[in-house]
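Each remark here refers to the structure printed beneath this line.
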Amino acid sequence: MSAPPRILPERYDPAPVESKWQAVWDAEGAFRAEPVSRDGVAAELPDRPKAYVLEMLPYPSGEIHMGHVKNYTMGDVVAHHRRRMGMAVFHPMGYDSFGLPAENAAIRTGVPPAEGTARNIARIRQQLKALGFAIDWDTEIATSDPEYYRWTQWLFLRMYERGLAERREAAVNWCPHDQTVLANEQVIDGRCERCGHAVELRQLTQWFLRITDYAQRLLDDMDELVDWPERVLTMQRNWIGRSEGARVVFAVEGGGDPIPVFTTRPDTLFGATFFILAPEHPAVVHLVEGRPEEAEVREYAAAAARASAAERGETERPKTGVFTGRHVVNPVTGDPIPVWVADYVLMDYGTGAIMAVPGHDERDFAFARAHGLPVTRVIAPEGENPAAPLDEPYTGPGRLVNSGFLNGLTVDEAKTTVAEWLCERGLGELTVGYRLRDWLISRQRYWGAPIPVVHCPVDGVVPVPDDQLPVVLPHVDDYAPKGQSPIASVAEFVNTTCPKCGGPARRETDTMDTFVDSSWYFLRYTAPHLTTAPFEREIVDYWLPVDQYIGGIEHAILHLLYARFFVKVLHDAGLLGAREPFARLFTQGMIYRDGAKMSKSKGNVVSPDEIVARLGADALRLYVLFMGPAAEDIEWSDRAVEGQRRFIDRLWRLVGGLEAGGLAARPAREALEGPALELVRAAEAAIAKVSEDIGERFSFHTAISSVQELVNLATKGVAEGVFDDDAGRAALRYASQTAVSLLFPFAPHVTSEMWEALGGGPLWREPWPEAAPEFLARETVTVVVQVNGKLRDRAEVAAGTPDADLVALARALSKVAPAIEGKQVVREVVVPDRLVNLVVK
RNA sequence: GGGGACGUGGCGGAACGGCAGACGCGGAGGUCUCAAACACCUCUGGGGGAAACCCCGUGUGGGUUCGACUCCCACCGUCCCCACCA
């Protein structure tokens, strides 16, 4: 008798198997999404539930790194699972291809950014395909494609029409190295997030998007409409920085426009003993004009302007400032208080001016001490002498003192009372302040979408008409930054005619922040090649919001806030039904190696290509998810990745050793006993576990380990020869097949090969298995017996044994009886089918 | 200064108030081999014991509970976010 032929080769060779299945998926368009808007084709909306699964699109630098592999593998697992659950799945891919690195490379090498970017995209696409991601490649987009940025410009114009895009002068962050302005969000600790150079403040006229108009809605909708990690929500809340307070107007003694301040402590108004303007405050110049203090104040303001944002932000720095020689009137006391200029007051928060209350604010106290200004107590804690002098600012609760009509009130009462008083006299009101600033989108660089407006000497700013879009980025010879975009030197681009009057006019030469591009790309996927609109309402409303968004925590503020803003604006414009872009968000942890983030400069990068070549894409996909909890930062291990390949090989040998024939049905419960029954039970348990771990918990590493347990159990049984009868063979075949099916989302190539060898059809279309309850319920259970909560013994009993019987059994156990002997059992805690706890005294 | 997350074997981690350490890496021993690699098997938190077993153990100290890795409080440590924000 000879052994039956194996249904798979002895050894698994990933390369041919992986390219085979990738070719199959490509050829049959296995992961093509419908519906997607296409020119002239009316789409039909499926009546199945939908799942829009999206990972943050990559920036096409040279190659993808392990972080990308993890990100896209997670999305792929979710997409495969949802598809096999019978949902209509949308899982697209694109490239965030505008941006500085491509431009800087162009400066270095002379290769135009468009060329370098196209090459990088081709390379990344090939890498993504080699990993076998289930992506609808027909919907692929690149944000630097004129057919994409045409619609970025179109959306900018809709914002302009709604008054949400405006050009104005403001103190802005300027990066002297990159020679461009930056959004507030792109300045980290006073430095440019790209190049790390200290950022300067400059007074410039720039384009802003009025995201502050949406501050409250961005805050409110977080509570209602999204299921996001608490951490990210907190970060966004902090960033928006809502604070309730009041606006108080101070009259200027000796004439001049009254100056408003924002304060969160209007209750302390009686204690406002001086007044401070930010050095950039427009009133500064007027107040000191022609006065003896003018020279000194101007010098101070100029010095402040020269200081970097990082220097000015330094909390420990001594509080400097100069007196203007002028006074404003405290509205409640009627007293004149001196006006100073100090750089600890910032122009871009509140009104750029503050009432200083040294008795109850740390900074104002420090300033008062440094410059010999009076300190008045206006709040005293319960039971303390109101006359007691202040050695330090008091910021706690208490009652008002030295405060005229507010005396005796609590802090909260005083806030409303003083606000009413001010309101009646037109001197102030309760307001809400936000830390969030408007989004500065102008960039003086080349590789971005041109802002589609024209400057006409007659008509001013004139939007480019829709039918003249896109405003195409012209070719230039020199990409070096010069303080304005390189396209400003292209005469044919700049010189144009005014769309309104037809006279000569100049084009805007600033390009848009690339975060504008990525604020709406998830909408464009639904109509990637549509030439008549950025997207179609019916289709975009079918898919939006994204059901599962996956990406790095580093985008917790910038991208995620901007995208939310965009969707709200488009909703208000009637272009979109959705009010939030991403219903559910998952933020993945970073991959470290040798204790540091993988990076080229540290030389600790592991190339995905190398792992794919050596161990196969499936082993890599398994490993990046098996490493640990997907949300945590995890250390890469060169050895552990090989463990996943060993696991694949183990499963390969197991399946290869089965007989030829079709797929097995789940064996009937009654036909099984012993190891065969236990194996099918384990298979059903694995189904339940993997389904929950992928479906709800985002716990991929435990999903994989439960399949490993199943495979280990099967392998062990085979080695012991316990599945050699008919029932055993049926159980083994079913369990092996189940392991293959469950592992498919993680390792699609090798499982497809095994499934085919088992006689199955396309595994990506195979319905997701459901656990059979009759196998999950057990006839006998292990009951744990504790004495005073301490484990003493355990017992096998029939499921559903009554409490009283369990207790009797427990008390009689040989390890339990001595522990309770001679003691009084004061309580018997029973958890049916699980545990007995005897409490003794 | 404000906010948040996390502390479990040699390592990554599991345990969603009920058997701590699943799964994997690493390590030790063994089978196979002329030998090695691969593969397979056994063991692998600490201490005691010939063994059956016993004791200790989830950063530290308290608390809640019949019962705490899990919940609460404080502290220590690590990491992240925000920060002269009025």
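In what follows, chains carry the letters A, B, and so on, assigned in the order in which the sequence lines appear, proteins first and then strands, with residues in each chain numbered from 1. Because only heavy atoms are used, hydrogens play no part in the values below, and waters and symmetry mates are left out as well, while side chains stay in.
At a threshold of 4.0 angstrom between heavy atoms, the contacts of A:N712 are confined to the sugar-phosphate backbone, with no base atom among them. Using a 4.0 Å heavy-atom cutoff across all strands shown, A:G350 reaches no nucleic acid atom at all. Nucleic acid contact class of A:V345 (heavy atoms, under 4.0 Å, all strands): base. Within the 4.0 angstrom heavy-atom criterion, base atoms lie near A:R437.
Looking at A:E230 and A:R237, a side-chain N of the basic residue comes within less than 4.0 Å of a carboxylate O on the acidic one, giving a salt bridge. With salt bridges taken as basic N to acidic carboxylate O contacts below 4.0 Å, one links A:R778 and A:E678. Ion pairing between a basic and an acidic side chain is recognised when a charged N comes within 4.0 Å of a carboxylate O; A:R645 and A:D649 show such pairing. Taking 4.0 Å as the cut-off between side-chain N and carboxylate O, A:D638 and A:R593 count as a salt-bridged pair.
The gap from the C1' atom of B:C76 to that of B:U42 amounts to 42 Å, rounded to the nearest Å. If you take atom P in B:U31 and the same atom in B:A36, they sit 11 Å apart, rounded to whole Å. For the C1' atom pair drawn from B:U58 and B:G21, the interatomic distance equals 9 Å after rounding to whole Å. Remark: the separation of the P atoms in B:G10 and B:U44 is 15 Å, to the nearest Å. As rounded to the nearest Å, B:G18 and B:C11 have P atoms that lie 26 Å from one another. Using C1' as the reference atom, B:C54 and B:A5 are 40 Å apart when rounded to the nearest Å. Across B:C53 and B:G17, the matching C1' atoms stand 29 Å from one another, rounded to whole Å. A gap of 43 Å separates the P atoms of B:C16 and B:C32, to the nearest Å.
As rounded to whole Å, 15 Å separates atom C1' of B:C85 from atom OH of A:Y434. Between A:I276 atom CD1 and B:C85 atom P there is a gap of 13 Å when expressed in whole angstrom units. For the pair A:E362 CD and B:G2 P, the computed distance is 10 Å after rounding to whole Å. In this structure, CG of A:D364 is placed 12 Å from P of B:A86, rounded to the nearest angstrom. Across the protein-nucleic acid pair, A:L558 atom CG and B:C81 atom C1' stand 13 Å apart, rounded to whole Å. Across the protein-nucleic acid pair, A:D348 atom CG and B:A83 atom P stand 11 Å apart, rounded to whole Å. In this structure, A:R645 places its CZ atom 14 Å from P of B:C25, rounding to the nearest Å.
Within 6.0 Å of the CZ atom in A:R697, the count of heavy atoms belonging to other residues, nucleotides or ligands exceeds 12. Atom CD of A:E796 sits in a crowded spot, with more than 12 heavy atoms from other residues, nucleotides or ligands closer than 6.0 Å. In this structure, A:D391 places its CG atom where only 12 or fewer heavy-atom neighbours from other residues, nucleotides or ligands lie under 6.0 Å away.
With A:H360 contributing its side chain and A:T268 its backbone, the two residues share no donor-acceptor pair below 3.5 Å. Checked by atom type and distance alone, the side chain of A:S706 never pairs as donor or acceptor with a backbone atom of A:K689 at under 3.5 Å.
Residue A:P374 comes nearest to A:P358 through the heavy atom pair O-CG, 3.4 Å, listed as atom of the first residue, atom of the second, then distance.
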In B/S/- notation (B base, S sugar-phosphate only, - none; protein heavy atoms under 4.0 Å), nucleotides 3-14 of chain B written 5' to 3' is S--------BSS

Contact letters for nucleotides 61-70 of chain B, in which S counts primed atoms plus P, OP1 and OP2 and B counts the base, heavy atoms under 4.0 Å: -----BS---

Per-nt protein contacts along nucleotides 27-32 of chain B (heavy atom under 4.0 Å; B base, S backbone sugar-phosphate only, - none) come out as ------

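Checking B:A22, B:C84, B:C25 against every side-chain atom of A:D343, the shortest atom distance belongs to B:C84. The A:I354 side chain lies nearest to B:A86 when the options are B:C25, B:A86, B:C81. Nearest nucleotide to the A:Q644 side chain, out of B:G24, B:C55, B:C84: B:G24. Side-chain proximity of A:E692 to B:C16, B:C82, B:A22: nearest is B:C16. Checking B:A22, B:C85, B:C54 against the side-chain heavy atoms of A:S705 singles out B:A22 as nearest.
For the 3.5 Å distance criterion, the side chains of A:Q216 and A:R242 qualify, holding a donor opposite an acceptor. With no hydrogens or angles considered, a side-chain donor-acceptor pair links A:N712 and A:R650 at under 3.5 Å.
With hydrogens and angles left out, the side chain of A:K319 and the base of B:C84 share a donor-acceptor pair within 3.5 Å.
Rounded to the nearest 0.5 Å, atoms CD1 (A:I276) and NE2 (A:H281) are 12.5 Å apart. Of the inter-residue distances, the one linking A:W228 atom CH2 with A:Q236 atom CD reads 5.0 Å to the nearest 0.5 angstrom. In this structure, CZ on A:F367 lies 6.5 Å from CG on A:L373, to the nearest 0.5 angstrom.
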Under-3.5 Å N/O pairs linking protein and nucleotides 35-42 of chain B:
from: B:A39; atom 1: O3'; to: A:R653; atom 2: NH2; distance (Å): 2.9
from: B:C40; atom 1: OP1; to: A:R653; atom 2: NH2; distance (Å): 3.0

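A:F626 and A:F647 have their aromatic ring centers separated by at least 6.0 angstrom.
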Given Watson-Crick and G-U pairs under 3.5 Å, RNA chain B in dot-bracket ([ ] crossing, | other strand) is (((((((..(((.....[....)))((((((.......))))))((((....))))..(((((..]....))))))))))))....

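Annotation: cation-pi pair A:R564/A:W239 absent, no NZ/CZ under 6.0 Å from the ring centroid and within 45° of its normal. Note that A:K319 lies in the cation-pi zone of A:Y344, set by a 6.0 Å cut-off to the ring centre and a 45° limit from the axis.
Under the rule for a salt bridge (charged side-chain N to carboxylate O under 4.0 Å, His left out), the partners of A:R265 that lie at least two apart in sequence or sit in another chain are A:D267.
Side-chain nitrogen and oxygen atoms of A:R363 include none within less than 4.0 Å of the OP1 or OP2 phosphate oxygen of B:G1.
Residue A:M235 is the one, among A:Y349 and A:M235, whose nearest nucleotide of RNA chain B lies closer to the 5' end (criterion: closest heavy atom).
Taking the O4'-C1'-N9-C4 or O4'-C1'-N1-C2 dihedral as appropriate, B:G9 has a value within 90° of 0 and is therefore syn.
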